[in-house]
Amino acid sequence: MSQDNQRQRVGILVYPGVELLDFCGPYEVFTSVRLNEERRYEESSPLEVLLLSENLEAIKAHNGLRFFPDCALDDCPALDVLTIPGGMGIREAIRNEKLIRWIKERG
């Protein structure tokens, strides 16, 4: 974490066909992080977690659940961590030139 005690930003990339557990599990872990266990209910996580997608349209996970991302790639703020979950949809996502270019630029 930065010396000025700001929250670090974690982006979780979501796309059509993403496996629900593959992004919800990390989301739960990142948002549950606490630096002071004794004050875990008084303090928020030192991590800000955002669901990212190519646009702000609803995403349909592999199991059919629909949900909305927090921000589109074009509007995504700087990230400290980028998580790319798996699932059947990754087969199509890796052919998306815009998405791959964005990941390379962020790397």
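A quick note: this is a predicted structure, and the numbers were derived from the prediction, not measured.
- Nearest heavy atom pair, residue N55 against residue P69, reads O-CG, 3.4 Å.
- Side-chain atoms of V10 and Y27, non-hydrogen and from C-beta on, never get closer than 4.5 Å to each other.
- C71 places a side-chain heavy atom less than 4.5 Å from the side chain of P77.
- Following chains of ILVMFWY side-chain contacts shorter than 4.5 Å, one can reach L65 starting from V49, so the two form part of one hydrophobic cluster.
- The backbone N or O of L51 lies less than 3.5 Å from a partner atom in the side chain of D70, making a donor-acceptor pair.
- Inter-residue side-chain proximity for F68 and V14 is flagged as unmet; no heavy-atom pair is nearer than 4.5 Å.
- Between the side chain of R34 and the main chain of E43, a donor-acceptor pair closer than 3.5 Å is present.
- In this structure, OG on S44 lies 4.5 Å from CZ on R7, to the nearest 0.5 angstrom.
- Judged as a side-chain hydrogen bond (donor to acceptor under 3.5 Å, both in side chains), and not counting sequence neighbours, D75 has no contacts.
- Pairs passing the ring pair (Phe, Tyr, Trp, His ring centres under 6.0 Å) check and including a residue from residues 77-101, sequence neighbours excluded, do not occur.
- Within 6.0 Å of CD on E28 lie no more than 12 heavy atoms contributed by other residues, nucleotides or ligands.
- Shown here are the side-chain hydrogen bond (donor to acceptor under 3.5 Å, both in side chains) partners of R9, two or more places apart in sequence or in another chain: E48.
- Atom NE2 of H62 sits about 13.5 Å away from atom CD1 of I90, to the nearest 0.5 Å.
- Residues L73 and S53 are not in side-chain contact: their nearest non-hydrogen atoms beyond the backbone lie 4.5 Å or more apart.
- Between D74 and K98, at least one side-chain N (NZ, or NE/NH1/NH2) sits under 4.0 Å from a carboxylate O, which counts as a salt bridge.
- Side-chain heavy atoms closer than 4.5 Å link hydrophobic residues (I, L, V, M, F, W, Y) into clusters, and following such links, even through other members, never connects V29 to V18.
- Taking the side chain as every heavy atom from C-beta outward, R106 and C76 approach each other to under 4.5 Å.
- Residue L52 forms a side chain to side chain contact (heavy atoms under 4.5 Å, CB included) with just one option from I84, L82, T83, and that option is L82.
- With hydrogens and angles disregarded, no donor-acceptor distance shorter than 3.5 Å links the side chain of R66 to the backbone of I59.
- Two different hydrophobic clusters hold I94 and M88 under the rule that ILVMFWY side chains link at heavy-atom gaps under 4.5 Å.
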Can you list the steps and then say if L13 with I103 is a side chain to side chain contact (heavy atoms under 4.5 Å, CB included)?
CA-CA 10 Å; L13 185 64; I103 293 168; 4.0 Å; yes
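- Ring to ring, Y15 and F23 are not that close: their centroids are 6.0 angstrom or more apart.
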